[in-house]
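Report on the following structure.
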2 protein chains.
Amino acid sequence: MSFPNPQIKLTVDAVVFGYEAGNISVLLIQRKYDPFKGKWALPGGFVLEEESLEEAVERELREETGVAINYLEQLYTFGGVNRDPRGRVVSVAYFGLIHPDGHTLEASTDAEAAKWFDINDLPQLSFDHSHILDMAIERLKGKITYEPIGFELLDTKFPFSDLEKLYSTLLGRPVDRRNFRKKINSLKILDELDEKISLGAGRPASLFRFNETRYKQLQKEGIIFEI
Amino acid sequence: MSFPNPQIKLTVDAVVFGYEAGNISVLLIQRKYDPFKGKWALPGGFVLEEESLEEAVERELREETGVAINYLEQLYTFGGVNRDPRGRVVSVAYFGLIHPDGHTLEASTDAEAAKWFDINDLPQLSFDHSHILDMAIERLKGKITYEPIGFELLDTKFPFSDLEKLYSTLLGRPVDRRNFRKKINSLKILDELDEKISLGAGRPASLFRFNETRYKQLQKEGIIFEI
DNA sequence: TCAAAAGTGTTCCATTTACACCCATGT
DNA sequence: ACATGGGTGTAAATGGAACACTTTTGA
């Protein structure tokens with residue numbers, strides 16, 4: 001009782017999603033050491049005694065990839081007996097989102113390289129990481145319909161069409177432009193800016209910004225975001 | 001790297017809900033040993049090296065309370081640095097539901113006693129367990145609206161009014177009997193049995209049984225349960 | 001002037017909500 | 001016969017889905 005399970009190790013792993021040009025990507029690292037040396041894996045590593053789980057994830061992400069995350073939540077804890085060849089390792093997986101401008105990568109420590117992969121074109125992954133990733137993708141797809149986390153994947157200022165494209169990508173089906181706009185506008189969680197952006201051909205688009213204050217107020221009033 | 005965080009210990013804790021006569025209750029144990037000796041806590045304990053997290057929860061529940069659980073899912077992992085006076089202990093919390101006939105309790109091992117407490121009349125809890133419990137209550141209340149887990153709290157055969165009462169208790173508001181029945185019937189996930197039950201005064205009620213096969217089929221077809 | 005993307009309303013249908021009386025039994 | 005809880009349908013309102021043309025720019 002005084003020294004229980006000294007053999008069980010604890011790690012954290014992060015599934016960080018990015019979005020650019022209509023594609024959802026996930027951040028992976030190439031392992032520098034065994035096991036799975038040279039193979040791709042989710043960023044992550046052992047939790048230190050004096051840090052919380054969130055601190056551990058943020059540290060590992062910083063060390064292995066150099067990214068600055070802007071949304072992070074716990075995903076699930078994977079505790080199967082044989083999920084790690086080094087012995088009994090339980091991993092708390094996190095789910096993160098990042099703005100496109102945080103995309104610049106710098107691999108170091110345990111990582112040989114850090115790279116974005118389109119979620120439809122993934123390499124083979126180490127450990128049970130493809131299982132973790134599947135769960136994270138499911139969570140992302142499910143969650144955007146009832147919480148406004150989609151904005152965390154866009155620039156702070158974005159044209160409406162970016163949001164629409166993001167939703168139709170994640171939902172895997174076309175989204176009616178007029179109905180979608182109506183829905184979002186009815187919640188008044190977007191502020192229309194005076195700026196416009198002109199992307200090649202076509203009429204320039206107004207830029208919008210997510211109004212988090214307004215959203216938090218809505219939450220308090222019990223009004224729920226739903227697409 | 002070869003022997004990371006040997007100091008971090010791993011536990012599981014279970015928040016098990018029961019339901020009887022219009023009241024939601026939660027299963028607690030009275031601790032036999034320090035820390036928090038004599039105080040109430042969630043059932044749980046250290047994970048053994050050769051068992052999965054689910055196995056650990058089920059074992060601890062069996063040992064400390066004697067209950068047989070019929071629904072179990074992971075709730076959240078609590079990894080704050082100072083949540084346990086014994087040192088760094090990370091706990092994976094589970095969320096469980098139990099039929100009324102599984103209610104017979106038998107405390108043993110680390111538990112002095114095991115008892116059901118109405119969730120509106122709780123004792124002070126050990127560790128950060130009241131925080132865990134709050135999260136579980138929120139999960140229960142949220143989840144019944146989009147997954148048919150309410151049936152896990154009732155007997156396998158139950159009158160419609162039991163289900164209705166359960167929902168109005170959990171949702172904290174009255175439920176329109178006719179509309180509720182219409183909704184449930186439209187999904188055809190309840191089988192009406194030939195039996196009737198007569199509970200004191202009033203017209204006897206037909207008994208129903210949850211048709212899990214039917215529900216799983218609906219899920220495959222993409223039809224979602226929603227109240 | 002043409003191509004490309006942005007912006008905008010109305011109608012129809014489905015779903016949800018509100019609501020009240022009769023039925024079968026025990027006392 | 002009366003008290004108690006079980007069982008049932010309809011109408012109104014709301015919210016969601018379908019749908020096409022005009023506007024503004026770059027090439």
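Residue numbers start from 1 in every chain, and the chains themselves are labelled A, B, ... in the order their sequence lines are given, proteins ahead of strands. Just so it is clear, the structure is predicted and the values come from calculations on it, not from any experiment.
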Rounded to the nearest Å, what distance is computed from the [atom1] atom of residue [X] to the [atom2] atom of nucleotide [N]?
X: A:Arg181; N: C:dA5; atom1: CZ; atom2: P; result: 16 Å
X: B:Phe160; N: C:dC23; atom1: CZ; atom2: P; result: 21 Å
X: B:Ile184; N: C:dT16; atom1: CD1; atom2: C1'; result: 15 Å
X: B:Ile227; N: C:dT16; atom1: CD1; atom2: C1'; result: 13 Å
X: A:Asp162; N: C:dA5; atom1: CG; atom2: C1'; result: 12 Å
X: A:Asn185; N: C:dG7; atom1: CG; atom2: P; result: 10 Å
X: B:Leu199; N: C:dT25; atom1: CG; atom2: P; result: 14 Å
X: A:Lys183; N: C:dT8; atom1: NZ; atom2: C1'; result: 18 Å

>> Work out how far the P atom of C:dC19 is from that of D:dG5, and round it to whole angstrom.
In response: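 The same atom, P, in both gives a distance of 23 Å.
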
> What string of B, S and - do you get for nucleotides 18-27 of chain D, 5' to 3', if B is base contact, S is sugar-phosphate-only contact and - is no contact with any protein heavy atom under 4.0 Å?
Replying inline: BBB--BBBS-

>> So, does A:Ser161 get its side chain near the phosphate of C:dA5, meaning an N or O under 4.0 Å from OP1 or OP2?
In response: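 Looking at the OP1 and OP2 atoms of C:dA5, neither is under 4.0 Å from any side-chain N or O of A:Ser161.
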
>> If the cut-off is 4.0 Å, is A:Ser206 near the phosphate of C:dG7, judged by side-chain N/O to OP1 or OP2?
In response: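 Answer yes for this pair, as a side-chain N or O of A:Ser206 is under 4.0 Å from OP1 or OP2.
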
> Does the ring of A:Phe160 carry A:Arg181 above it, NZ/CZ under 6.0 angstrom from centre and within 45° of its axis?
Replying inline: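 Relative to the ring axis of A:Phe160, which defines the angle, A:Arg181 lies inside both limits.
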
>> Less than 4.5 Å apart, side chain to side chain, heavy atoms only: is that true for A:Phe17 and A:Leu153?
In response: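 Touching, per the 4.5 Å side-chain cut-off.
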
> Salt bridge between A:Glu192 and A:Arg209, side-chain N to carboxylate O under 4.0 Å?
Replying inline: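 Here A:Glu192 does not pair with A:Arg209 in a salt bridge, since their nearest N and O are not under 4.0 Å apart.
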
> How many angstroms lie between atom CZ of A:Arg139 and atom CD1 of A:Ile149, to the nearest 0.5 angstrom?
Replying inline: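 Spacing of CZ (A:Arg139) from CD1 (A:Ile149) equals 9.0 Å.
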
> Taking the six-membered ring for Trp, is the centroid-to-centroid distance between A:Tyr146 and A:Phe225 below 6.0 Å?
Replying inline: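 Judged by ring-centre distance (under 6.0 Å), A:Tyr146 and A:Phe225 do not meet the cut-off.
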
> When the ring centroid of A:Tyr19 is compared with that of A:His99, is the distance short of 6.0 Å?
Replying inline: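 No.
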
> A:His131 vs A:Phe78 aromatic rings, parallel, tilted or perpendicular, using cut-offs 30° and 60°?
Replying inline: perpendicular

